[in-house]
Amino acid sequence: MGLINRIVQSLEVTHEPNLTLTEQLITNDDLLPVEPEKRTWRGYNYVAFWMADMFNINMWVIVSSMIQLGMSWWQAWICVWLGYGITTPFLVLNARPGAVFHVTFPIVNRTSFGMFGSLWCVFNRAAMACIWYGVQANIGGSCVLVMLRAMWPSINDLPNSMPASSGTNTRDFMCFFLFWLISLPVIWLPVHKVRHFFLVVPILMPMASITFLIWCVVKAHGIGPIVHQPSTLHGSKLAWGMVVSSMSCIANKVTLVTNAPDFASRARTPSAALYPQLFTFPLTASFVCLIGILVSSSSQAIYGRVIWSPLELLGNFLNDNPSNSTRFGVWFISASFVIAQVTSTNISANSVSAGCDLTALCPRFINFRRGGYIAATVGLAMCPWNIMKNSNEFTSYLSAYTVFQSSIAGVMVTEYYIIRKGHYNVKDLYNTEKGSWYWYTYGINFRAYTAYIAGILINVVGFAGATGRVVPLAATRIYELSFFTGFGVSALVYWALNRVFPVVGAADTFKEIDVSGYEFEAGSSTGFEEMAIDTKDVGSETASEK
């Protein structure tokens, strides 16, 4: 028995000494508010972060479905502006608690769903991060293949030694595994230091993308026919098509809206996570999508068909006895995509998110670093190439997941801005005693879960229609607006329930303040109003609001 105890203790992560078993279930060093010396993210770090995140293969081809639907290029581009422009306010709103109180998404989620009720929301986000890690690693493997082909063309003819039941071949699996290995050292870095990697992509990727665009335009002797192609949709069909396309842009980033506090918690000042994200998010998305439109338009003039994937287009450049300069150009662009996939997509959107979430699920044995490696392991074990073979089913799953995430975000935003109006009790975020702010009923806030389920239920019929069943048109329209319907219904129901059943700590006036006095630093300018985290009058104010 003593040996088993020693083994268990050796597997535990760093935490405060003499914690009770219950305390070990809710906290470790990585779940505590970020220390001042680790609040290192300045405004330019968030600019670099979103530029890095947007330069990935998914963003490049996101307008393809819009143009295939029958829109002109400029109509599709407007949808990109609308979709990401609408997403931005929700992103900065949900990031705000993390930036002010320096806590991550799992801890922020406790304020609305409860100490233990938050675990279901955190599990959902962690599962999605692990799945996306594998999917993006599979795309990264395709980038590696093009890069290796530019150096050693014979790699394309590598003999296959894998069975058909594996769903892949030796060449593709080798490239996937190489990308997977390349990503592992970056996961080792703590969140406050990984910001340095994001500074590379904003320099490298615009250079590579513009080079790619100029190259394609020169080869096509023009920008191609897509930019001259008129829309085949008109009237209400066009209007609703633009609505649905804008919603697809929102769905593409809804997971990052939900866990926005993860990176905001590292902000040096709250304003650093406000204005840079507010402007960089939509601007970068529109720029990347415009490059994708123009490159794909040029490809139609070159090859007689539209090639939306930049990797497929680069691969075609290598098919016909390319010159050394062509091979170098393909290598440079594909290598840039590899770096973007590693640092921006898989680290920013997936491994860090999974690390934060898995830590909250099992804080005794998991920290951010271990959580990131668990996500990488799951991404390898899930054989993502098999998931990507049936893209329609995967897309339907992602659309359904938007409903779950938007309902969670609706409750969280309402909790912070309307119910408690910026008031936090940081000590109670790690307190399981009855009567603490976030204990609710046995650690679960049933108001939040009622609102969460209501936000899901309104979209259930429409989701059934998306799977092939016959449903009323109104249900389909509601489901196509699932972010707004899920967010709006959950927010409204949560507000109404809190009016009927008020929670401890509900406030009458908006003031971003920690009433527990946990923080020792004076507030600074936030961009909304002056923050007052350390105050001498917290006792009287708290008593009047309870």
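Looking at S296, its side chain never comes within 3.5 Å of a backbone N or O of V306 through a donor-acceptor pair. Proximity of a side-chain donor or acceptor of S407 to a complementary backbone N or O of F404 within less than 3.5 Å is not detected. Listed for the S299 side chain is a donor-acceptor partner under 3.5 Å among the backbone atoms of I307. Looking only at distances, a side-chain donor or acceptor of Q341 sits under 3.5 Å from a matching main-chain atom of Q136. In this structure a side-chain-to-backbone donor-acceptor pair under 3.5 Å is missing from Y416 to R96. Using a distance-only test at 3.5 Å, with no hydrogens or angles considered, a donor-acceptor pair links the side chain of Y46 to the main chain of F263. No side-chain donor-acceptor contact under 3.5 Å links S336 to the backbone of M205. Looking at R369, its side chain never comes within 3.5 Å of a backbone N or O of P190 through a donor-acceptor pair. Of the possible donor and acceptor atoms, none in the side chain of S118 sits under 3.5 Å from a partner among the backbone N and O of N109. Y373 places a side-chain N or O within donor-acceptor distance of the main-chain N or O of L184, the cut-off being under 3.5 Å.
With respect to R171, the side chain to side chain donor-acceptor pair (under 3.5 Å) criterion is satisfied by exactly one of D157, N156, N160: N156.
Looking at M59 and Y84, their side chains come closer than 4.5 Å, going by heavy atoms from C-beta outward. Using a 4.5 Å heavy-atom cutoff, the side chains of K253 and D53 are in contact. Within the 4.5 Å cutoff, the side chain of N45 has no heavy atoms near those of the R266 side chain. At a threshold of 4.5 Å between non-hydrogen side-chain atoms, the residues L358 and L361 count as touching. Side-chain contact between C216 and F317 is present, with heavy atoms from C-beta onward closer than 4.5 Å. Put simply, the side chain of M412 reaches to within 4.5 Å of the side chain of F105, judged on heavy atoms. Using a 4.5 Å heavy-atom threshold, the side chains of V63 and W77 count as separate. Under the 4.5 Å side-chain criterion, counting only non-hydrogen atoms from C-beta, S298 is not in contact with K219.
Between the CG atom in L148 and the SG atom in C143 there is a gap of 11.0 Å [rounded to 0.5 Å]. A distance of 5.0 Å separates CE of M66 from OG of S245, quoted to the nearest 0.5 Å. In this structure, the separation between CG on N319 and OH on Y303 is 7.0 Å, given to the nearest 0.5 Å. L311 CG to I333 CD1: the interatomic distance, rounded to the nearest 0.5 Å, is 11.0 Å. To the nearest 0.5 Å, the span separating CD1 on I187 from CG on N346 amounts to 8.0 Å. From M247, atom CE reaches atom OG1 of T87 across 8.0 Å, with rounding to the nearest 0.5 Å.
Here the closest heavy-atom approach between residue P310 and residue F212 is recorded as CB-CE2, 3.7 Å. Of all the heavy atoms in P106 and C356, the pair that sits closest is CG-O, 3.5 Å. When all heavy atoms of P282 and W81 are compared, the closest pair comes out as O-CZ3, 4.4 Å. In terms of heavy atoms, M151 sits closest to R327 at O-NH2, 3.0 Å. Nearest heavy atoms, V288 versus M54: CG1-O, 3.7 Å. Scanning all heavy atoms of the two residues, the minimum distance from F176 to G379 falls at CZ-O, 4.0 Å.
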Check your understanding: Passes side chain to side chain contact (heavy atoms under 4.5 Å, CB included), F90 versus V413? Steps please.
Key -> CA-CA 8 Å; F90 294 97; V413 170; 5.7 Å; no
Check your understanding: Given Q405 and N124, is the side chain to side chain contact (heavy atoms under 4.5 Å, CB included) satisfied, shown in steps?
Key -> CA-CA 8 Å; Q405 294 295 292; N124 272 269; 4.3 Å; yes
Check your understanding: Run the side chain to side chain contact (heavy atoms under 4.5 Å, CB included) check on E480 and V243 step by step: do they pass?
Key -> CA-CA 8 Å; E480 288 171 341; V243 169; over 6 Å; no
Check your understanding: Taking it one step at a time, do Y133 and S183 satisfy side chain to side chain contact (heavy atoms under 4.5 Å, CB included)?
Key -> CA-CA 10 Å; Y133 191 100; S183 304; 3.4 Å; yes
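Counted within 6.0 Å of CZ on F328, heavy atoms from surrounding residues, nucleotides or ligands total 12 or fewer; the atom is thus considered open. The number of heavy atoms from other shown groups lying within 6.0 Å of CH2 (W215) is above 12. Shown here is N321, whose CG atom has no more than 12 heavy atoms of other residues, nucleotides or ligands within 6.0 Å. Around the CH2 atom of W240, the shell of radius 6.0 Å holds more than 12 heavy atoms that belong to other residues, nucleotides or ligands.
With hydrogens and angles left out, the side-chain atoms of S161 and T170 include a donor and acceptor closer than 3.5 Å. Between the side chains of W50 and Q277, at least one donor-acceptor pair of N or O atoms lies under 3.5 Å. Using a 3.5 Å distance cut-off with no hydrogens or angles, the side chains of N459 and S482 do not pair a donor with an acceptor.
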